[in-house]
Amino acid sequence: DSSDDDNEEYLFKIVIIGDSAVGKSNLLSRYARDEFNLHSKATIGVEFQTQVVEINGKEVKAQIWDTAGQERFRAVTSAYYRGAFGALLVYDISRRTTFESVTRWLDELNTHCDTTVAKMLIGNKCDLDNIRDVSIEEGAKLAEAEGLFFMETSALDSTNVNKAFEIVIREIYSNVS
Ligand code: GDP
Ligand code: MG
């Protein structure tokens, strides 16, 4: 509780959505705790993790939400989306059906959230290049058409994970400041 401008608080809620088993929980655990689980169970998981990052000398808290398996029932509750400033829409580059679901997830996001939400399309599991089922170009093309940031990541070998979260957090910051 302070009137000092320097102590202004930033708390950004970010949601992770996408089909089951695309790696949502592992992207979060890789980013927040630098952990990866080869046999992660869909039902295990915390509601959210808070990461503190510094942007332009300001402390920004990113509260990143995980579905904890709700997506198996093809719908995530509106409470999950409420108050979100950013969203990661994740598919698995080795499973085409998960890429085809992205537009449905985007529609669901848009019905629950303001269009100003910072959105990043993520093609996860890029370490599985040998069994790739969606090209980088297709991902980039969809992202461009829908006005999303785009990145391929690997929660397994850490490729682009921090970068993806940081781009979204910085975009939110620049939207609100
Ligand atoms: P969620 O259902 O979207 O939360 O997916 P999980 O994070 O539970 O991951 C589902 C499965 O994919 C697990 O067996 C993970 O070990 C695996 N997985 C997650 N991310 C990656 C990745 O980047 N590369 C590979 N090869 N496997 C991954
Ligand atoms: Mg999960």
Side-chain angles (χ1 to χ4, degrees), residues 1-20 22-37 40-73 75-91 102 104-124 143 146-155 158-177:
D1 184 44
S2 169
S3 55
D4 187 348
D5 278 351
D6 292 342
N7 290 331
E8 195 172 351
E9 277 223 6
Y10 292 95
L11 178 65
F12 302 152
K13 176 176 174 179
I14 297 170
V15 294
I16 311 180
I17 53 178
D19 282 0
S20 207
V22 294
K24 299 180 298 300
S25 298
N26 274 283
L27 283 166
L28 180 53
S29 64
R30 176 61 81 194
Y31 178 59
R33 305 191 302 274
D34 200 17
E35 283 174 18
F36 179 82
N37 191 334
S40 61
K41 296 277 189 302
T43 47
I44 298 176
V46 286
E47 269 197 314
F48 61 80
Q49 298 258 327
T50 305
Q51 276 293 100
V52 179
V53 291
E54 198 186 296
I55 302 177
N56 300 343
K58 298 258 198 267
E59 190 177 277
V60 171
K61 289 194 180 98
Q63 190 184 74
I64 306 159
W65 287 64
D66 185 20
T67 59
Q70 287 183 57
E71 73 280 14
R72 276 172 302 159
F73 312 107
V76 171
T77 61
S78 55
Y80 186 71
Y81 293 100
R82 194 168 303 134
F85 280 74
L88 271 61
L89 291 115
V90 186
Y91 65 93
V102 166
R104 194 180 60 76
W105 285 108
L106 192 57
D107 285 347
E108 184 168 291
L109 179 70
N110 288 335
T111 62
H112 289 94
C113 297
D114 207 88
T115 50
T116 57
V117 165
K119 304 174 197 84
M120 161 112 34
L121 177 64
I122 295 203
N124 189 43
E146 300 288 351
L148 319 168
F149 291 102
F150 173 63
M151 201 154 271
E152 285 198 348
T153 61
S154 169
S158 302
T159 303
N160 286 339
V161 175
N162 289 359
K163 213 180 200 173
F165 281 100
E166 269 159 34
I167 288 172
V168 171
I169 294 165
R170 282 180 183 280
E171 175 69 10
I172 297 169
Y173 182 83
S174 71
N175 285 348
V176 302
S177 64

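Y80 and W65 have perpendicular rings, their planes meeting at more than 60° on a 0 to 90° scale where under 30° would count as parallel.
In terms of heavy-atom proximity, A143 sits nearest to F150 at CB-CB, 3.5 Å. Considering all non-hydrogen atoms of both residues, I169 and V53 come closest at CG2-CG2, 3.7 Å. A pairwise comparison of heavy atoms in N26 and N37 identifies OD1-N, 2.7 Å as the closest pair. Residues Y10 and S177 come closest through the heavy atom pair OH-CB, 4.2 Å. Among all heavy-atom pairs drawn from E108 and Y81, the shortest one is OE2-OH, 2.6 Å.
At a threshold of 4.5 Å between non-hydrogen side-chain atoms, the residues F85 and N175 do not count as touching. When side chains are defined from C-beta on, L28 counts as touching I64, because their heavy atoms get closer than 4.5 Å. Looking only at side-chain heavy atoms (C-beta outward), K24 and D66 come within less than 4.5 Å of each other. A 4.5 Å side-chain heavy-atom check between N162 and Q51 finds every atom pair outside the cut-off. Considering only heavy atoms from C-beta on, M151 stays 4.5 Å or farther from V168 through its side chain. Counting heavy atoms from C-beta outward, V117 and V15 have side chains that stay 4.5 Å or more apart. At a threshold of 4.5 Å between non-hydrogen side-chain atoms, the residues Y91 and W105 do not count as touching.
Of the inter-residue distances, the one linking I16 atom CD1 with F165 atom CZ reads 4.0 Å to the nearest 0.5 angstrom. How far CG of N124 is from CD of E152: 9.5 Å, rounded to the nearest 0.5 Å. Separation of atoms NZ (K13) and CZ (R82) is listed at 7.5 Å; rounding is to 0.5 Å. Interatomic distance, CD of E35 versus CZ of R30, reported as 9.0 Å (0.5 Å rounding).
No side-chain donor from either of Q49 and Y31 sits under 3.5 Å from a side-chain acceptor of the other.
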Side chain to side chain contact (heavy atoms under 4.5 Å, CB included) evaluation trace for L89 with E146: CA-CA 12 Å; L89 291 115; E146 300 288 351; over 6 Å; no
Intermediate values then yes/no, side chain to side chain contact (heavy atoms under 4.5 Å, CB included), I14 and I172: CA-CA 10 Å; I14 297 170; I172 297 169; 3.8 Å; yes
Pair R104-D19, side chain to side chain contact (heavy atoms under 4.5 Å, CB included): steps then yes or no: CA-CA 10 Å; R104 194 180 60 76; D19 282 0; 4.0 Å; yes
